[in-house]
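Input: a single structure, listed below in structure tokens.
Computation of the quantities below employed the complete heavy-atom set of this structure, encompassing side-chain atoms and omitting hydrogens, waters and symmetry-equivalent molecules. Every value quoted in this text rests on a predicted model; they were computed, and no experiment measured them.
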Number of protein chains: 2
Amino acid sequence: MTSTPIPAPGGREPGLADLADLLHLDQQICFSLHAASRAFGGVYRVLLKDVGLTYPQYLVMLVLWEHGELPVKKVGEHLRLDSGTLSPLLKRLEAAGYVRRERSAADERSVTVRPTEEGLALRERAREVPLRIGAATGFDLDEIRDLRARLDRLTRALDRAARDGAALGPV
Amino acid sequence: MTSTPIPAPGGREPGLADLADLLHLDQQICFSLHAASRAFGGVYRVLLKDVGLTYPQYLVMLVLWEHGELPVKKVGEHLRLDSGTLSPLLKRLEAAGYVRRERSAADERSVTVRPTEEGLALRERAREVPLRIGAATGFDLDEIRDLRARLDRLTRALDRAARDGAALGPV
DNA sequence: CACAATTAAGTTGTGCACAATCAAATGGCC
DNA sequence: GGCCATTTGATTGTGCACAACTTAATTGTG
């Protein structure tokens, strides 16, 4: 199939001004996202310093607090991270005493990650983090919900595009 | 000042359900952003592979294509990156032949980054990237604009919170 | 049972992000 | 001029993200 640069959902043909705009907006939407993600990282870094976790480690602990005990594979599915990222991260969490990793008896390929007592206790110390993050955003609940929905839709579209590469092929 | 966990802009007192919700939404908004940012990275990785740039390198080249020649400091201001990130990145771009770095004669502390002919030629090869990214998002121009505005507002709020730490202090 | 294909983790290598630190150059101020 | 704070990059160290590869265990199939 040949290129349809932007399949305008409204069915409207983009004019020249829109196209010129897009060449900038492209830069800006990805950059805005990148910047927002790093800004979040900065706030989490401050908040989690006392707790003793990095932001990705915090995400892993959130998953474990909720599910209690999971194979590495499942943790990766929840967070969309692969073993190349999780293996060293989990080792650091284990070295810090927050989780234990054990080979599954049922399936020797699988490694089960389980929060320790200390890891569970960490939940208390991180209890206030969500509210402070919420306050730092300056967004109210509805705005957060709405933004989250848009981002998730965006992620699904991007994942789809990257997977089947349909929109990415030669123009 | 004491804590006002979420200063609801609507003036509405958040109920218990909202608060419980927030403890999850917090996780979800930061995670959604994180995921969207990485999803973008994946699409850019595919698109830029042929061009021979990583996504952050592409951002630097965008800045240089637009401004022609800048001190490292200015590049960092445009992208919110510090020298610890830019120095090795720029060295890789120089090794690839896309930029040249020269000490400024006027101020020996400053290093000027200038795209080479090859670096400028790269612009042609990256010309279609924005449209393909736009197509991959599945968003139309208005949606992109709107999302960008929200993200920028979020980034400003988070930066402010991280800087003066007002919202981050002990509750 | 034997053997190929698949799956789960781990390992290695590259690159980005950022804190902390350092060195050199500059500019203001007495 | 001499001194000190500031500015600008570079360097070092830690950690995340991901591609490519390896190893070991499991599953499927003839």
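- Here dA17(C) presents its P atom at 12 Å from CG of Leu90(B), a figure rounded to the nearest Å.
- Salt bridge Asp142(A)/Arg145(A): present, at least one basic N to carboxylate O contact under 4.0 Å.
- For Pro88(A) and Ala105(B), each mapped to the nucleotide of DNA chain C holding its nearest heavy atom, the one lying further toward the 5' end belongs to Pro88(A).
- Taking for each of Arg80(A) and Ala106(A) the nucleotide of DNA chain D with the nearest heavy atom, the 5'-most of the two is the partner of Arg80(A).
- For Asp107(A), the listed nucleotide lying nearest its side chain is dT26(D); candidates were dA9(C), dC18(D), dT26(D).
- Ring-plane geometry between Tyr58(A) and Tyr44(A) is classed as tilted, the angle between the planes lying from 30 to 60 degrees on a 0 to 90 degree scale.
- Dashed line: the shortest gap from a side-chain N or O of Arg101(A) to OP1 or OP2 of dG10(C) is under 4.0 Å.
- Here dA17(C) is the nucleotide among dA19(D), dG9(D), dA17(C) with the atom lying nearest to any side-chain atom of Thr85(B).
- We find that Arg153(B) and Glu143(A) are joined by a salt bridge, their nearest charged nitrogen and carboxylate oxygen being less than 4.0 Å apart.
- In this structure, Arg103(A) atom CZ and dT26(D) atom C1' are separated by 13 Å, rounded to whole Å.
- Protein atom NZ of Lys73(A) is 4 Å distant from nucleotide atom P of dA8(C), rounded to whole Å.
- Between Ser110(A) and Gln57(B), the one whose closest nucleotide on DNA chain C sits nearer the 5' end is Ser110(A).
- For Val111(A), the listed nucleotide lying nearest its side chain is dG10(C); candidates were dA10(D), dG10(C), dA17(C).
- Counting distance only, with no hydrogens placed and no angle test, the side-chain atoms of Ser83(A) and the base atoms of dG10(C) include a donor-acceptor pair under 3.5 Å.
- In terms of position along DNA chain D, the nucleotide closest to Lys91(B) lies nearer the 5' end than the nucleotide closest to the other residue of the pair Lys91(B) and His34(B).
- Counting any heavy atom pair closer than 4.0 Å across all strands shown, Leu86(B) reaches no nucleic acid atom.
- What separates CZ of Phe40(B) from P of dA17(D) is a distance of 18 Å, to the nearest Å.
- Atom CZ of Arg38(A) and atom P of dG15(C) are 19 Å apart (whole Å).
- Residue-level contact check: Lys74(A) touches neither bases nor backbone, having no heavy atom under 4.0 Å from any strand.
- Other residues, nucleotides and ligands contribute more than 12 heavy atoms inside 6.0 Å of the CZ atom of Arg101(B).
- Distance Asp82(A) CG to dT12(C) P: 16 Å, rounded to the nearest Å.
- Distances were taken from every side-chain heavy atom of Arg109(B) (C-beta onward) to each of dA9(C), dA25(C), dA17(D); the shortest belongs to dA25(C).
- Atom CD in Glu102(B) sits about 19 Å away from atom P in dT8(D), given to the nearest Å.
- Nearest heavy-atom pair, Arg150(A) versus Phe139(B), reported as atom, atom and distance to 0.1 Å: O-CZ, 3.7 Å.
- A straight line from CD of Glu108(B) to P of dA10(D) spans 13 Å, rounded to a whole angstrom.
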